[in-house]
2 protein chains.
Amino acid sequence: MPSSKKPKQATRADVARLAGVSESTVSYALTGVRPISEETRERIESAMKELGYVPNAMAQALAGKRSGILALLFPVGERGFNETDFEYVQAANEAVAEDGYQLLLWPNAVEDIESLKKIVNQGLVDGVLLMEVRSEDPRVPVLIEAGMPFCLIGRTEDPSKLTYVDADFSQWGPLAIRHLGDLGHKQVGYIGIADELINVGYGPGVRTETGLHEEAGRAGITLHPKHVAATIRAGRAAMEELLTSTPPVTAVISLNESAMVGALEVLASHDLSIPEQFSVMSFGISEIAANMTVPSQTTIGVEGKDLGRMADQYLIARLNGDNKSVLQHLSAPVFADRGSTGPAPE
Amino acid sequence: MPSSKKPKQATRADVARLAGVSESTVSYALTGVRPISEETRERIESAMKELGYVPNAMAQALAGKRSGILALLFPVGERGFNETDFEYVQAANEAVAEDGYQLLLWPNAVEDIESLKKIVNQGLVDGVLLMEVRSEDPRVPVLIEAGMPFCLIGRTEDPSKLTYVDADFSQWGPLAIRHLGDLGHKQVGYIGIADELINVGYGPGVRTETGLHEEAGRAGITLHPKHVAATIRAGRAAMEELLTSTPPVTAVISLNESAMVGALEVLASHDLSIPEQFSVMSFGISEIAANMTVPSQTTIGVEGKDLGRMADQYLIARLNGDNKSVLQHLSAPVFADRGSTGPAPE
DNA sequence: CTGTTAGCGCGTTCAC
DNA sequence: GTGAACGCGCTAACAG
C-alpha cells in the first residue's frame, strides 16, 4: 500500500553517494560537458535509475542560466479563440518538445501587462511566444525592456525590428478575387469583421481587406463589403441585404466564420443552390469548420502547423544567441477547393 | 534607446541595500510573517518600486516549499478538443489566479507518462489539474506515487478515493428521454460515439448511454443506437439508416458533434422540417457549436465554468493540507431549449 | 578523468 | 523590532 505522504525526491547528493563519486561528477555525467569514464558513467546511471532521480528544475534554473521553459502567451478570453489558433499551439508544442524545452501556456489577457511584467521578471521562462498580437501590442515593450527573447505569431503595426511569423494576408484577397474573376463573377459580396475591429487596426482584417479592394479594382470587379458582428444573426442580415443589390451579387467571400453560417442559412432559404446559382468562399477558417457547414466551403487560409513550428525555430535561434539575422516569415496562402464556387450564372 | 542586452533583475540584496536594512527584513516585509515598523516597511516598499523588484520564482521555490504554480494537464492531440473543454481552462485559470497561483497548461498526451514523471518530480509545480481523464488513466498512479496533489476534471473507472469534479452524465439520458417522451416521441434515434471509444470505457460515452437506455426502457421508448466515427460522412450514413426504420424514427439525440452535422444535412435533403416533422437534440456541445448549425440545437450539457472553478477549489484545499474530507462533485445537467424539438408528428 | 568550492536568490532559524 | 547565517539542489569555474 502506497504511502500518501510526500516522498522526498532523490537529490544529486544521493546519487553521488550511491555511485561512490562526487556530486559534480554526477552533474557532468548528466550534461556530458566533460568526458567521463565508461565505468563511472554506468555506475552513476544505474544509481539514478535506482533512485528515480530527476534533476530539480528550480535548482537547475537558479544555478544555471536557463530554465528550459518557454511560455506561450495565449489569451483565451478574447474573441473565443478558434480551431485554427489551436493548430499553432499543437505545432509549437511539438516543436518545442523536440528542442528539449517545455512549453507553458499563459492564458492571461493581452491587457494584463502587470501580470506579464511579473511573469517575465520572475526568471521562470527563457523565452516567449505571443499569440493574438495587436497592432500596438502592449506586451511587446514589456518584453523588450525585460530583455526577454520573444517571437510573435502575428504582427504589430510596425514589426520591422521584431521576430515574427504570420500569414500573408495581403495575398488572400487577390487570390480569392482572381479565382472568382476567372469564374466570371463581377459582383462580389464581402462579409468582413466588425467595424470596431477594423478601426483599432486588427491586422488580419485590415491587411486582407486592403488586398481584396486592390485586386477587385484591377480586375474590374465590384465589391460589396459588409462589416458585421461575429454572430449568425448579423450574417443573416448582411446576406439578405446583399441579395437585394443590383446588379445582383453572384458570389460572397467571408472573413467572418460565424456570420457566414447565417449567410449560408439565408442562401438556403432563398433556394439558391451552391455552387450552381451562387458561389461562396471563406478566409482563414480551419478545415473542420469549413466542413462543418452545408455545403462545405472552399477556403483560403494558412498552414497553422508551419507557423507554430517556425515560430519555435525563430525563438530558439534567438535563445542560442542569434541576435543579428532578421527572422521574419510570411506564410503563403493555402487554397482549398471544396466545391462551393462555380461559374457565375447568366 | 533601450539596450537590447539582458538587464540583470534586481535582487533582494539590492533592495536591502537601497532601503538600508538587512536582506531578511526585506523578506519579512514581503511575507508579513513578522512585525515590521511602519517606517522601514515604507522604505523597503519604495525601494522595491524603484528597482522594479520581483522575487525570483526559482529561488523562492527552492528555498521555500512551494512554487505557486499549478499545472493543468491538457492533452491537445486527442480528439481535437472542443470548445466546452476550453471553458474549463478559462474558468480554472481565473480561479487559480484569484488564489494567487499561476496556471501552467501542459499539452502532453495522456500516454506520455515518461514526461509526466519528470514533470512532477521536477519540483516545478505544487499541484495538478487533469483533463481528458480515462477510465484507467495512467497518469493517476504516477501522481499518487509522486505524492503530488491533484484533482480530476472527469473520472476514472473507480474514483472513490480520488478528488474530482465531473458532469453527471448519468442524468443526461433520462433528461433527454423524458423531454422527448413528453412530446410524444416513441421511436428515437441515437447517434453516439465510435464503438472503440465505448469499448475502452470512455466515461462520458458509457455513462450517458447507460442512462439513456435505462430511461428509455422505463418510458416505453424504443432507442435506435448508432455508434459512428466523429465525421460528417458517418453522421450522414447513420441518419440515412435511421430514416429507413419502421416504425419511423421521429427524433434523434446525438453525443457526436461532427456526425450530427451530417445528420442535419440528411434531414434537410429529405425536406424534413425541424421541429415540425422531426426533432433533434445534442449532448454536451457548447453554445457556440449549438448555434452554428441550421437550425440551432436544443442541448443538454454541463456548465463548464463551474467545473473549472470547483476543480481549482478542491485542489487548493488539498494544498492547504486538507487530506481527509471527500472532495468530489458531479455537476447537474443544464437544459438549453433552442427550439429544435417539438411534438411527435402523427 | 575526477574532486573541491563558490555562488544563484531567497526562506527561515537563531541571536540580539 | 532587526541582523546574521545557513541551506535548498544544482552549475561552473578552479584544482588537481
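No experiment lies behind these values; they were computed from the predicted model shown. Protein chains get the first letters and strands the later ones, always in sequence-line order, with residue 1 at the start of each. Side chains are part of it too, since the values below use all heavy atoms of this structure and drop only hydrogens, waters and symmetry mates.
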So how far is it from [X] [atom1] to [Y] [atom2], rounded to the nearest 0.5 Å?
X	Y	atom1	atom2	answer
B:Ser67	B:Gln122	OG	CD	11.0 Å
A:Leu162	A:Leu327	CG	CG	11.5 Å
B:Ser331	B:Asp306	OG	CG	5.5 Å
A:Asn93	A:Asp312	CG	CG	9.5 Å
B:Asp166	B:Leu152	CG	CG	8.5 Å
A:Thr163	A:Gln328	OG1	CD	7.0 Å

Below 4.0 angstrom, which residues in residues 46-56 of chain B have at least one non-hydrogen atom near DNA chain D?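 Nucleic-acid contacts, sorted: none.
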Where along residues 12-24 of chain B does a heavy atom come under 4.0 Å from DNA chain D, residue by residue in number order? B:Gly20, B:Val21, B:Ser22, B:Ser24
Is there a donor-acceptor pair closer than 3.5 Å between any side-chain N or O of [X] and the backbone N or O of [Y]?
X	Y	result
A:Asp137	A:Arg134	yes
B:Asp99	B:Tyr101	no
A:Asp126	A:Leu70	no

Would you say that B:Leu124 contacts A:Leu124 through its side chain, given a criterion of any heavy-atom pair below 4.5 Å between the two side chains?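 With C-beta onward as the side chain, the pair touches.
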Could you tell me whether the side chain of B:Tyr28 has a donor or acceptor atom within less than 3.5 Å of a complementary atom in the base of D:dA4?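 No such pair is found, so the answer is no.
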Measure the distance from CD on A:Gln60 to P on D:dC10 and round it to the nearest whole Å.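 Value for this atom pair: 8 Å.
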Sorted by number, residues from residues 34-41 of chain A placing a heavy atom under 4.0 Å from DNA chain C are A:Arg34, A:Pro35, A:Ile36, A:Ser37, A:Thr40
The helix from C:dC1-D:dG16 to C:dC16-D:dG1: angle between its terminal axes, five pairs each, to 10°?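 The end axes of the helix from C:dC1-D:dG16 to C:dC16-D:dG1 are about 40° apart, to the nearest 10°.
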According to a strict under-4.0 Å criterion, is B:Lys65 in side-chain N/O contact with OP1 or OP2 of D:dC8? no
NZ/NE/NH1/NH2 to OD/OE distance under 4.0 Å, [X] and [Y]:
X	Y	result
B:Arg309	B:Glu98	yes
A:Asp14	A:Arg17	yes
A:Arg139	A:Glu132	no

Span of DNA chain C in contact with chain A (heavy atoms, under 4.0 Å):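 First-to-last contact on DNA chain C, by the 4.0 Å heavy-atom rule, is C:dC1 to C:dG9.
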Let's go through B:Arg318 and B:Ser325 carefully: what are the C-alpha distance in whole Å and the side-chain angles of both, what is the deciding distance for side chain to side chain contact (heavy atoms under 4.5 Å, CB included) to 0.1 Å, and is it a yes or a no? CA-CA 9 Å; B:Arg318 294 297 185 215; B:Ser325 50; 4.2 Å; yes
Listed pairs under 3.5 Å, donor-acceptor, residues 44-54 of chain A side chains, sequence neighbours left out:
| residue | atom | partner | partner atom | Å |
| --- | --- | --- | --- | --- |
| A:Ser46 | OG | A:Glu42 | O | 3.4 |
| A:Ser46 | OG | A:Arg43 | O | 3.1 |

